[in-house]
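Have a look at the structure below, then the notes.
No experiment lies behind these values; they were computed from the predicted model shown. Below, chain A is the first sequence line, B the second, and so on; all start at residue 1. Scope of the values below: all heavy atoms of this structure, side chains included, with no hydrogens, waters or symmetry mates.
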Protein chains: 2
Amino acid sequence: MSANSRLTIAAHALAWIGLYQRQGHEVATSEQIATSANTNPVVIRRLLGELRRAGLVESRRGVGAGWSLARELGSITLLDVYEAVEPGPLFAMHRTTPDQGCVVGYGIQPAMQGIYEGIEKTLRHELARVTLENVLRDVLAAPR
Amino acid sequence: MSANSRLTIAAHALAWIGLYQRQGHEVATSEQIATSANTNPVVIRRLLGELRRAGLVESRRGVGAGWSLARELGSITLLDVYEAVEPGPLFAMHRTTPDQGCVVGYGIQPAMQGIYEGIEKTLRHELARVTLENVLRDVLAAPR
DNA sequence: CCTGTTGCAACCTTCGCTGTTACGACTGCG
DNA sequence: CGCAGTCGTAACAGCGAAGGTTGCAACAGG
């Protein structure tokens with residue numbers, strides 16, 4: 001599986017903004033978040049842009065610009081973030097249509113589709129159980 | 001998420017071999033399976049080679065060579081197949097170490113690790129509930 | 001010895017993600 | 001009004017995973 005770090009980075013960014021705001025700041029810049037995540041500001045802006053389209057964060061332009069949460073950390077779940085940054089399904093079908101003249105080739109796609117749907121439903125349920133508030137709490141609970 | 005079709009193709013191959021054997025044949029060739037899956041025989045041999053290392057299938061060489069199941073379809077679960085063909089974890093951490101001087105950068109990885117472990121455990125549990133016997137039954141149940 | 005098939009290496013292509021540079025758009029401040 | 005700081009976004013290179021393809025040695029039965 002092409003291990004994807006998008007969900008991790010997005011959660012990192014949200015937790016960072018949330019903590020920063022609790023420390024009394026209005027907005028966080030992509031530069032600050034990128035430094036914390038050890039990556040490029042454009043990567044952060046791209047990810048946060050997807051989160052903004054999903055209504056999780058807001059951005060301000062001009063002088064004193066930056067990013068702020070559109071919702072409380074406790075009301076944002078990992079499922080919200082997952083759906084905002086991960087486009088496709090977890091498992092894919094064949095890249096080319098299997099032989100429809102073969103019994104297995106004909107029936108395999110509907111069969112797997114049904115199975116995968118059930119699994120993805122469970123995955124979404126698990127992701128929905130974790131809020132960004134939970135994430136930030138775990139982050140701050142890390143032993144020194 | 002880079003949607004991966006390896007699990008789908010592996011399940012296809014196993015179901016094909018299982019059905020073929022129930023029709024009285026000894027072994028199935030990668031050529032036959034590749035035709036059904038509409039792909040290249042080498043791709044099938046690579047995948048079946050991983051399943052063989054996991055003890056799910058056996059191969060015979062020489063004239064009349066081919067592949068056969070090492071276990072009953074009913075005793076092979078999608079989890080067995082998943083573990084045989086999918087190497088890495090579902091979600092990845094940052095590609096570079098986050099800023100350890102930052103509270104979030106320091107605590108984010110253990111936090112996400114713990115969350116991801118729980119989710120993967122649930123995923124494995126779901127995959128373990130489906131046997132290849134179930135898959136073949138669903139395949140044959142596809143409406144004409 | 002001949003034939004059919006696996007085992008496996010080597011290489012190319014495609015694709016998605018990350019990283020980087022560049023630059024226009026926007027907005028508050030002096 | 002112009003400057004400065006930041007977002008928004010396009011463009012491109014690099015990388016790694018996966019699939020597709022070719023080629024050939026190894027094997028085993030007739």
Side-chain angles (χ1 to χ4, degrees), chain A residues 1-10 12-13 17 20 25-35 37-53 57-68 70 84-98, chain B residues 1-10 12-13 17 20 25-35 37-53 57-68 70 84-98:
Chain A
M1 173 123 328
S2 83
N4 219 332
S5 64
R6 297 168 67 82
L7 183 60
T8 304
I9 305 290
H12 185 146
I17 299 173
Y20 197 59
H25 302 91
E26 283 280 326
V27 298
T29 69
S30 60
E31 175 78 34
Q32 295 170 315
I33 302 169
T35 299
N38 193 16
T39 182
N40 193 290
V42 176
V43 174
I44 300 297
R45 289 208 288 270
R46 279 200 288 240
L47 264 176
L48 287 180
E50 298 177 46
L51 298 184
R52 176 166 37 98
R53 261 167 250 130
V57 300
E58 289 166 351
S59 64
R60 197 187 298 173
R61 303 176 73 167
V63 172
W67 303 82
S68 55
V85 303
E86 303 280 357
L90 199 52
F91 300 110
M93 287 299 129
H94 311 63
R95 341 182 95 193
T96 58
T97 308
Chain B
M1 172 124 328
S2 80
N4 218 333
S5 65
R6 296 168 66 81
L7 182 60
T8 303
I9 305 290
H12 186 146
I17 299 173
Y20 198 58
H25 301 92
E26 283 280 325
V27 297
T29 69
S30 61
E31 174 78 35
Q32 295 170 314
I33 301 169
T35 299
N38 194 14
T39 182
N40 194 290
V42 176
V43 174
I44 299 298
R45 290 209 283 271
R46 279 202 287 240
L47 264 177
L48 287 179
E50 297 177 47
L51 298 184
R52 179 172 33 129
R53 260 168 251 130
V57 300
E58 288 166 351
S59 64
R60 197 187 297 174
R61 303 177 72 167
V63 173
W67 303 82
S68 54
V85 303
E86 303 280 358
L90 199 51
F91 300 111
M93 287 299 128
H94 313 59
R95 343 183 92 193
T96 59
T97 307

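Using a 4.0 Å cut-off, some side-chain N or O of B:Ser5 falls inside it from OP1 or OP2 of D:dG19. Between C:dG4 and B:Thr29, no contact under 4.0 Å exists linking OP1 or OP2 to a side-chain N or O. At D:dG19, none of the side-chain N or O atoms of B:Thr39 fall inside 4.0 Å of OP1 or OP2 (strictly under the cut-off). Checking the phosphate oxygens (OP1, OP2) of D:dG8, a side-chain nitrogen or oxygen of A:Arg52 falls inside 4.0 Å.
With a 4.5 Å cut-off on side-chain heavy atoms, B:Glu31 and B:Thr35 count as touching. Using a 4.5 Å cut-off on side-chain heavy atoms (C-beta onward), B:Leu90 and A:Leu90 make contact. Annotation: side chain of B:Arg45 is in contact with side chain of B:Val42 (closest heavy-atom distance under 4.5 Å).
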Open item on the list: Base contacts versus sugar-phosphate-only contacts with protein, heavy atoms under 4.0 Å: please encode nucleotides 21-30 of chain C as B, S and - from 5' to 3'.
Closed with: B--BBBBB--
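Between B:Arg46 atom CZ and D:dA18 atom P there is a gap of 11 Å when expressed in whole angstrom units. The CG atom of A:Asn4 sits 18 Å away from the P atom of C:dC15 (whole-angstrom rounding). For A:Ile9 and C:dC17, the CD1 to P distance is 13 Å, given to the nearest whole Å. Rounded to a whole Å, the CD atom of A:Glu86 is 13 Å from the P atom of C:dG16.
Residues forming a side chain to side chain donor-acceptor pair (under 3.5 Å) with B:Asn40 (at least two apart in sequence, or on another chain): none.
Taking the six-membered ring for Trp and thresholds of 30 and 60 degrees, B:His12 and A:His94 have ring planes more than 60 degrees apart, a perpendicular arrangement.
Taking every side-chain heavy atom of A:Ser30 into account, D:dC7 is the closest of C:dC17, D:dC7, C:dG19.
Comparing the local axis fitted to the first five base pairs of the helix from C:dC1-D:dG30 to C:dG30-D:dC1 with the one fitted to its last five gives a bend of 0°, rounded to 10°.
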